[in-house]
Structures are given as structure tokens and as C-alpha cells.
Amino acid sequence: VQRVQPFGAIADQIVFREQALERGRNERFAAMVERQSRFVFRVAYALLRNAEDSEDAVQDTFLKLYRSGAWERMDDERGFLARTAWRVAIDRARRLKTVSSDAEALCACPNPESAAIEKDRHATVRRLVDTLPEELRQPLALSTVDDLTSREIAAILGIPEGTVRTRLSRARTLLREKLIALGVQMR
Amino acid sequence: MNERELEKLIDEALANYVPDPRSGIAERVLARADHRGHKVVLAGALAAAVLLMVMLMPKRPHAPAPIQVAVDVPKHAPSVDRPPQLHRARLVRRTASPPKREIFPTPAPLSDEARLLVALVRKSPEQAERLLTFEEPEPIKPLVIEEIEITPLEGEAE
């Protein structure tokens with residue numbers, strides 16, 4: 001003889017289990033945020049060049065992933081996060097319209113590169129990177145983030161891997177040319 | 001500066017091109033997410049409360065519309081000694097009819113408990129069956145009372 005349990009008791013058991021699952025889920029998500037916040041920030045910064053906006057992008061990225069539940073189905077955590085962060089940063093950059101860089105702006109004098117060499121050489125190089133066309137600057141900036149490979153950069157930017165390599169090479173060549181042009185002052 | 005020194009300079013400069021975030025970024029992100037979550041919950045609760053208030057608000061009974069009397073004034077004014085006549089009177093009544101339902105009775109959404117139960121049954125029917133049923137404990141054995149033997153008293157036998 002079988003008897004049916006009171007429905008309330010079953011519902012309690014189910015709710016309890018659901019709550020336990022939710023707690024576990026939240027803990028796993030928090031662990032991922034701890035693990036990947038720095039990486040996501042740096043990906044966003046590669047585009048936005050502003051710490052405050054990049055931190056907002058990190059926030060938006062994780063919130064988006066949490067709401068969609070996509071973070072639980074990620075095969076390649078790093079790649080997936082990088083792509084999402086990049087898209088979020090693009091949206092943010094569109095809204096901002098003008099990207100305000102944390103780096104000191106080049107002066108408006110006829111030859112800004114000459115003015116920049118007054119600062120230390122690394123800062124000069126970084127300012128020169130900022131003067132590169134975006135299509136060259138973006139892969140170059142991403143290549144400095146946590147050893148992202150050409151393949152990963154290609155996936156983030158949505159372009160072929162070969163194109164990434166070409167652009168990286170062109171960016172470095174252009175940078176070298178600019179530095180050589182400043183060669184006298186660089187010594 | 002030779003080529004090698006130039007490459008080295010570029011590499012060193014690029015290493016710091018993208019800075020690290022301020023310390024505690026994960027905590028800030030989680031705290032803000034939590035704050036936003038609370039905001040959403042608060043907004044939801046507020047909306048639910050407003051909806052509940054609207055639903056529970058006592059409805060005023062429909063008062064019948066006042067009788068409207070349209071009076072056509074005759075083209076030629078009646079003579080002073082004659083009383084004014086009502087040529088035509090129209091009675092307009094408003095009656096509020098309830099909206100027609102396509103399906104009667106209107107299907108109600110499942111409660112949280114019912115939804116969870118359905119989810120469980122779909123996900124793991126065996127587990128649901130196990131939860132929903134249990135073995136009846138062993139039946140209670142019938143009480144056996146031994147027959148009472150009454151031995152006749154010695155005196156009665158005589």
C-alpha cells in the first residue's frame with residue numbers, strides 16, 4: 001500500500017534543495033569573479049584606456065554573464081570572458097563617444113612626439129602607441145594582456161588570426177619608425 | 001640606439017601599457033552586483049505591492065447613469081399661456097457588461113510549489129516518485145484475546 005506524502009513537505013524539500021543549489025552557484029560565480037576580474041579589466045582597458053570606465057565594463061560583463069547564465073556553460077572561460085568584456089567595452093565606448101585616456105594627452109603643439117620625449121622613454125613609447133590607428137593599436141594592446149595569443153586576439157576582435165599577426169607586425173614597425181624619428185632625443 | 005635596444009624598449013614599455021586594476025576589484029564588483037540585485041528585488045516588491053493594492057481596492061458599484069432628457073425646442077415659441085411641451089424624450093441608460101472571456105474558466109498560472117514539483121517530475125521522475133510515496137508501515141496484527149475459562153465454583157457443583 002502506498003500513501004502520498006503531504007504536498008507541503010515535498011515542496012519544502014524541493015525549495016531547500018533549490019536554495020542549496022543557488023548558494024553553491026553564487027559561490028562558484030564569486031570565485032570566478034575573484035579569479036578573472038583583473039583579466040577582464042585589462043581586456044576592457046585595452047579598448048577604453050580609462051580605469052574608471054574599464055571597471056564599469058568589468059561590472060557590466062559579470063552582471064551580463066550572471067543574468068544570462070552563460071557563465072555556467074563556458075568551455076573556454078578566458079576566451080569567453082575576453083570576448084564578452086570586449087563587446088561590453090565597445091558598447092561603452094560607443095555611449096561615451098570620446099575615449100578619455102588616463103595617459104597624459106599629447107600636447108597640441110605642431111609636433112606632439114617631440115614634446116612627449118621630455119618624459120621618460122617608456123611613457124613616450126606608450127604615448128606613441130596611443131597615436132597608432134585603432135586597427136593596429138587594439139591588437140597590440142591586447143597582445144600585452146596576460147599573454148593573449150594571436151588566436152585569442154583574433155577571436156576577441158572577430159578577425160582572422162593571420163590578420164592579427166599582420167597588424168601586430170605593422171604596429172611594431174610603425175612604432176619603431178616613430179621612435180627612430182625621435183632617435184636623437186632618445187639617446 | 002640599435003635595433004635590439006629599440007625592440008627591448010618597446011617590449012618593456014608595452015609590458016605596462018595596460019595597467020592592473022586598483023586592488024579589491026573583485027570585492028567591488030561583487031558588492032555592486034549585490035547592491036543592484038537588492039535594487040531589483042526592492043523594485044519588484046514595490047511593483048507587487050502596488051499591483052496588490054490595485055487588485056484589493058474596493059470597486060465602486062456602477063451607479064446608473066442619470067436619465068438624460070433631450071428637449072427639442074420648437075421652432076416657433078409657444079404662446080405664453082400654453083405650458084411648454086416635451087416633444088421627445090430619450091432615455092439613455094448605461095449598463096456595464098463584464099468583458100467576455102475567451103476561455104472559461106480563465107487558466108491560472110501554476111503556483112511556485114506546483115512549478116517546482118513539475119520541474120522535479122520532469123527532471124527525475126524516479127526521485128519524484130520516491131519523494132511522493134513511501135511504504136506503508138507493517139500492518140498492526142489483530143489483537144487476539146484468549147478465551148476465558150471459568151471454572152465452576154465448588155459449592156455450585158453441589
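For the numbers below, each heavy atom of this structure counts, side chains included, while hydrogens, waters and symmetry mates do not. A note on names: the letters A, B, ... follow the listed sequences, proteins ahead of strands, and every chain is numbered from 1. Not measured: the values here are computed from a predicted model.
How far CG of B:Leu14 is from CZ of A:Arg172: 6.0 Å, rounded to the nearest 0.5 Å. Atoms CG and CG, from A:Leu179 and B:Leu6 in turn, are 5.0 Å apart once rounded to the nearest 0.5 Å. We find the CG-CD distance between A:Asp12 and B:Glu113 to be 7.0 Å, quoted to the nearest 0.5 Å. If you take CZ on A:Phe62 and CG on B:Leu30, they are separated by 8.5 Å, rounding to the nearest 0.5 Å.
Both the backbone and the side chain of B:Asn16 come within contact range of chain A, judged by heavy atoms closer than 4.5 Å. Interface remark: B:Leu116 contributes backbone and side-chain atoms alike to the contact with chain A (heavy atom separation under 4.5 Å). With a threshold of 4.5 angstrom between heavy atoms, A:Val145 approaches chain B through side-chain atoms but not through N, CA, C or O.
No side-chain heavy atom of B:Arg28 sits under 4.5 Å from any side-chain heavy atom of A:Gln59.
Both A:Leu157 and A:Phe80 are members of a single hydrophobic cluster when ILVMFWY side chains are connected at heavy-atom separations under 4.5 Å. In the hydrophobic cluster analysis, where Ile, Leu, Val, Met, Phe, Trp and Tyr join through side-chain heavy atoms closer than 4.5 angstrom, B:Leu110 is grouped apart from B:Val121. Under the 4.5 Å side-chain heavy-atom criterion for ILVMFWY residues, a single connected hydrophobic cluster contains both A:Leu136 and B:Ile10. The hydrophobic cluster containing A:Met74 does not contain A:Val88, counting ILVMFWY residues as joined when their side-chain heavy atoms lie under 4.5 angstrom apart, directly or transitively. Criterion: ILVMFWY side-chain heavy atoms under 4.5 Å apart, direct or through other members. Under it, A:Ile90 and A:Val40 are part of a common hydrophobic cluster.
When all heavy atoms of B:Ile25 and A:Ser37 are compared, the pair lying nearest together is CG2-CB, 3.6 Å. Heavy-atom minimum distance, A:His122 versus B:Ala13: O-CB, 3.7 Å. Closest of all the heavy-atom pairs between B:Pro19 and A:Phe41 is O-CE2, 3.6 Å.
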With side-chain hydrogen bond (donor to acceptor under 3.5 Å, both in side chains) as the criterion, how do B:Tyr17 and A:Asp130 come out once you've worked through the C-alpha distance, each side chain's angles and the decisive distance to 0.1 Å?
CA-CA 10 Å; B:Tyr17 180 69; A:Asp130 281 342; 2.5 Å; yes
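A salt bridge does not link A:Asp60 to B:Arg32: none of the charged nitrogens lies less than 4.0 Å from a carboxylate oxygen.
Counting heavy-atom pairs closer than 4.5 Å to chain B, the top-ranked of the candidates A:Arg42, A:Glu34, A:Arg35 is A:Arg42.
Under a cut-off of 6.0 angstrom, the local environment of CZ in A:Arg151 is sparse, with at most 12 non-hydrogen atoms contributed by other residues, nucleotides or ligands.
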